[in-house]
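For reference, positions follow the sequence shown, starting with 1. In each ligand, atom 1 is the first atom listed, and ligand 1 is the first ligand listed. These figures come from a predicted structure and were not determined experimentally.
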Amino acid sequence: MRKQIAAANWKMNLTYDKAMELMDTLISLSPSVATHQQIILGVPFPYLLPVIQKAKQLPQTAVAAQNCYTQAAGAYTGETSAAMLQSIGVEYVILGHSERREYFHETNAMLAEKVNIALAHQLKPIFCCGEPLSIREADTQNDFVEAQLRESLFHLDENALINTVIAYEPIWAIGTGKTATAAQAQQMHAHIRDVIARSYGAVVADAISILYGGSVKGANARELFSQPDVDGGLVGGASLQAEEFIQIIHGLK
Ligand code: PGA
């Protein structure tokens, strides 16, 4: 069975003390995680190292950065390289979040470069895709998401692709309290898997975890994750509360 994943995306939230408090609460509540399940904590850069240390006390937990730069090293003030992340033991990197596409003008082509440099440093990309409301209303979301995947991921060979996690996050559902229905999530996840299967074959498509993101909460996680092609969630707001996030973890199949 492919990995079922509860991934937290803290975004630009929490000061250091609150972040450590959240880690300590998660540890004290000791979530139960089966061997085919995984927790990933996507945290701000200054907290990566202490969270990596504390995460050793959580079962099957890896840590993700929320971005990295396209270039290997050099005069890029304020940026963080994949090599830096690798050197401190980060395992995953969230790439192409809709907030980065919107506010920082990240394009599919730029994300292809970030995916490459991440994989070259043994970082597994959590590649985000998903359509804005206007595309959903025009009912062209399947083509929109397919283009995002093709332009940023489909240059990879199958061994590289298999090391990526895909997160489908419809933009109209992020931080809005408006969750896609389980049926809408399943429809898009099945489409994504089908698009992968057409280029890489069913075995590869079957091995890739596809997470749903967009207003996942303790109360709706289990229903979303019960869909056959929904392999867990990428969780923003609800990952900032330990009890809520643990309920989401316990909603994994
Ligand atoms: P949300 O964010 O859970 O707060 O909607 C999800 C995300 O943006 O990854």
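Checking Q148 against N108 by side-chain atom types alone, no donor-acceptor pair falls below 3.5 Å. A donor-acceptor contact closer than 3.5 angstrom links the side chains of E131 and W172.
For G236, a nitrogen or oxygen atom sits less than 3.5 Å from a nitrogen or oxygen atom of ligand 1, counting backbone and side chain alike. The shortest N/O to N/O separation between A238 and ligand 1 does not fall below 3.5 Å. Close N/O approach between H97 and ligand 1 is found [any backbone or side-chain N/O within under 3.5 Å]. Not a single N or O atom of G214, backbone or side chain, sits closer than 3.5 Å to an N or O atom of ligand 1.
Checking each of R193, H189, H191 against D229 for a side-chain hydrogen bond (donor to acceptor under 3.5 Å, both in side chains) leaves exactly one that passes, namely R193. Just one of N163, L123, V165 meets the side-chain contact (heavy atoms from CB on, under 4.5 Å) condition when paired with Y92; it is V165.
Every pair passing ring-ring contact (aromatic ring centres under 6.0 Å, His included) that includes a residue from residues 140-161 is listed here, sequence neighbours excluded: F154-Y200.
Using a 4.0 Å heavy-atom cutoff, K217 is absent from the residues neighbouring ligand 1. Assignment of G175 to the shell around ligand 1 is supported, since a heavy atom sits closer than 4.0 Å.
Looking only at heavy atoms of the protein, atom 4 (O) of ligand 1 is closest to G237 N, 2.9 Å. Ranking protein heavy atoms by distance to atom 2 (O) of ligand 1, first place goes to K11 NZ, 3.3 Å.
The atoms of ligand 1 that sit less than 4.0 Å from any heavy atom of N9 are 9 (O). The E169 neighbourhood of ligand 1 comprises atoms 6 (C), 7 (C), 8 (O), 9 (O), with distances under 4.0 Å to a heavy atom of that residue.
Using a 4.5 Å cut-off on side-chain heavy atoms (C-beta onward), Q4 and F225 make no contact.
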key: Evaluation steps, salt bridge (Lys or Arg N to Asp or Glu O under 4.0 Å), between D24 and K54   = CA-CA 8 Å; D24 290 338; K54 284 196 188 279; 2.9 Å; yes
